[in-house]
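Reviewing the structure listed below.
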Amino acid sequence: MNITHLKINPVQVAGRMRAIVSITFDNALTIHDIKIIEGPDRLFLAMPSRKMADGTFKDIVHPINPEMRNLMEEAILQKYSEDIMVSAD
């Protein structure tokens with residue numbers, strides 16, 4: 001799968017969330033509402049999720065294997081870093 005479009009929307013609110021992302025694969029499938037979260041040691045991705053009746057959250061879209069997660073995470077965080085550097089100038 002190839003990433004054919006990637007849109008980063010920075011979030012300007014207090015908290016750990018830094019951006020909301022949409023990613024398109026092969027001009028055929030788009031995933032919205034991926035979140036970039038600032039963790040204690042690094043940025044990470046939180047997949048789109050739904051709140052369950054018991055108050056827990058369950059991912060509604062997620063990579064099945066580590067290779068796909070790495071592909072998504074590297075591309076998204078690279079673009080986020082580039083966008084932050086451009087906006088800082």
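For clarity, every value in this text was computed on a predicted model and none was experimentally measured.
- Distance check: R16 CZ to I36 CD1 gives 13.5 Å after rounding to the nearest 0.5 Å.
- Counting all heavy atoms, side chain and backbone alike, H32 lies closest to P48 at O-CG, 3.1 Å.
- Residues M17 and I34 fall into different hydrophobic clusters, defined by Ile, Leu, Val, Met, Phe, Trp and Tyr side chains chained together at heavy-atom separations under 4.5 Å.
- From L45, atom CG reaches atom CD1 of I76 across 4.5 Å, with rounding to the nearest 0.5 Å.
- For residues 35-60, every residue pair satisfying the salt bridge (charged side-chain N to carboxylate O under 4.0 Å, His left out) rule, not counting sequence neighbours, is listed here: R18-E38, R42-E73.
- With hydrophobic clusters built from ILVMFWY side chains whose heavy atoms lie under 4.5 angstrom apart, Y80 does not share a cluster with F44.
- In the hydrophobic clustering (ILVMFWY side chains linked at under 4.5 Å, chained through shared members), F57 stands by itself.
- Expressed to the nearest 0.5 Å, how far CG of L29 lies from CE of M1 amounts to 5.5 Å.
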Could you pull out all donor-acceptor pairs under 3.5 Å where a side-chain atom in residues 2-15 meets a protein atom, sequence neighbours excluded?
from, atom 1, to, atom 2, distance (Å)
T4, OG1, T24, O, 3.4
T4, OG1, N27, N, 2.9
T4, OG1, N27, OD1, 3.2

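- Taking CE from M47 and CG from D33, the interatomic distance works out to 11.5 Å, rounded to the nearest 0.5 Å.
- Hydrophobic clustering (side-chain heavy atoms under 4.5 Å, transitive across Ile, Leu, Val, Met, Phe, Trp, Tyr) groups L71 together with V21.
- Linking Ile, Leu, Val, Met, Phe, Trp and Tyr residues whenever their side-chain heavy atoms come within less than 4.5 Å leaves M72 and I37 in two separate clusters.
- Expressed to the nearest 0.5 Å, how far CD1 of I31 lies from CD1 of I60 amounts to 10.0 Å.
- Evaluation of the side-chain hydrogen bond (donor to acceptor under 3.5 Å, both in side chains) rule for H62 yields no partner, not counting sequence neighbours.
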